[in-house]
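Sequence positions, counted from 1, serve as the residue numbers for this chain.
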Amino acid sequence: MSKTILIVGGTSGIGTELARKITANGDRVVITGRDGARAKEAAAGIGDGTQGIALDLAEPELIAPALAGVGRLDGLVLSAIERGQTNVRDFDIAHAKRLTTLKLVGYTEIVHALLDRLEPSVDTGIVLFGGRAKDQPYPGSTVVSTVNGGVVGLVNTLAIELAPIRVNGLHPGVIGDSPFWADKTAFSEKFAAATPGGKLATVADVIGATEFLLYNGGVSGHNLYVDRGTTLT
């Protein structure tokens, strides 16, 4: 029997590729994006009955109404991210509030709004995207690093609160073939050199890791790194 998976942030990049892989495996996908027209266009490109809806994590009061038409779910992937450089010396309060709201408040409200439609079973998985910036900061990552650290705490508490539903975190490092990193050669090469094998993780690696956390009934409360072993060097 096919499952239905909701991917928040499924209109571009890793979210879109994940949606394609899940539908190719026979499951149904609902994707969200800030722009409704773009979400519907992306859903049409994925095909196989994929639904696209408008939703902005940075406006948590509007999340529940946006999800009102979503039916029963067997899984949830919170992959929406928003990058930006904010450091302490040139602190941008508005940007910091948006990033913090997006991941910590927005992620939590998504789960809250969908609890009555998530099957209460170990077969139901929730995956929250954080990032290795939480413990590998870079210039300008003050807010991103802090928020991604908060995702770890959110995973830990939700895994307890929502059991038997499983909750896990996924923390990618630099993903060499992702649209964001593809043109940042000098930075990517520096990080590649820091991995034991001298190569960066790929989009396919992230998708495989997400599927593992989403579908494996024995894994919950885990924060998984996809970084080709940079923690070892």
Side-chain angles (χ1 to χ4, degrees), residues 7-18 31-35 38-39 42 54-60 62-63 77-110 127-155 169-195 198-203 205-207 209-210 223-231 233:
I7 301 175
V8 177
T11 60
S12 63
I14 290 172
T16 298
E17 294 306 314
L18 175 64
I31 63 172
T32 79
R34 282 180 293 175
D35 182 89
R38 184 180 178 189
L55 184 150
D56 188 348
L57 286 169
E59 297 183 355
L62 303 180
I63 286 175
V77 179
L78 294 158
S79 65
I81 60 173
E82 186 172 315
R83 293 181 174 90
Q85 294 203 337
T86 301
N87 56 45
V88 173
R89 295 184 186 280
D90 303 301
F91 194 60
D92 185 333
I93 293 176
H95 180 66
K97 288 173 67 176
R98 178 176 174 83
L99 287 186
T100 303
T101 301
L102 189 150
K103 271 197 173 178
L104 301 185
V105 181
Y107 274 20
T108 308
E109 175 57 15
I110 288 276
V127 181
L128 282 64
F129 271 55
R132 287 306 314 280
K134 70 182 182 64
D135 47 12
Q136 288 185 329
Y138 53 85
S141 76
T142 296
V143 176
V144 172
S145 295
T146 302
V147 170
N148 285 342
V151 170
V152 175
L154 189 55
V155 167
L170 183 65
H171 301 274
V174 176
I175 306 303
D177 60 346
S178 70
F180 180 80
W181 293 110
D183 61 348
K184 298 173 177 61
T185 308
F187 194 82
S188 297
E189 288 178 349
K190 174 185 175 182
F191 269 82
T195 68
K199 292 186 179 297
L200 294 171
T202 66
V203 170
D205 295 330
V206 175
I207 291 171
T210 306
N223 285 279
L224 179 64
Y225 295 170
V226 182
D227 61 1
R228 289 275 172 92
T230 56
T231 53
T233 58

Scan [options] and name whichever one has a side-chain contact (heavy atoms from CB on, under 4.5 Å) with [X].
X    : options                : answer
V174 : D227, L200, T230       : L200
K134 : V152, N223, V147, T146 : V152
T210 : D205, L18, L224, I7    : L18

Hey, could you give me the [atom1]/[atom2] distance between [X] and [Y], rounded to the nearest 0.5 Å?
X    : Y    : atom1 : atom2 : value
T108 : K103 : OG1   : NZ    : 12.5 Å
D92  : T142 : CG    : OG1   : 12.0 Å
I31  : T16  : CD1   : OG1   : 6.0 Å
E109 : L62  : CD    : CG    : 10.0 Å
L102 : K97  : CG    : NZ    : 14.5 Å

Give me the atom names and distance for the closest heavy-atom approach of [X] to [Y].
X    : Y    : result
V226 : A209 : CG2-CB, 3.6 Å
S79  : G15  : OG-CA, 4.0 Å
A58  : R98  : CB-NH1, 3.1 Å
E17  : I207 : CB-CD1, 3.4 Å

Judged by modelled atom types alone, do H171 and N148 share a side-chain donor-acceptor pair under 3.5 Å? no
Verify, without hydrogens or angle tests, whether T195 (side chain) and A192 (backbone) share a donor-acceptor contact under 3.5 angstrom. yes
Do the side chain of T86 and the main chain of F91 share a donor and acceptor less than 3.5 angstrom apart? no
Side-chain heavy atoms of [X] within contact of [Y], under 4.5 Å:
X    : Y    : value
V206 : L170 : yes
L55  : I110 : yes
L57  : I63  : yes

Let's go through F129 and L78 carefully: what are the C-alpha distance in whole Å and the side-chain angles of both, what is the deciding distance for side chain to side chain contact (heavy atoms under 4.5 Å, CB included) to 0.1 Å, and is it a yes or a no? CA-CA 6 Å; F129 271 55; L78 294 158; over 6 Å; no
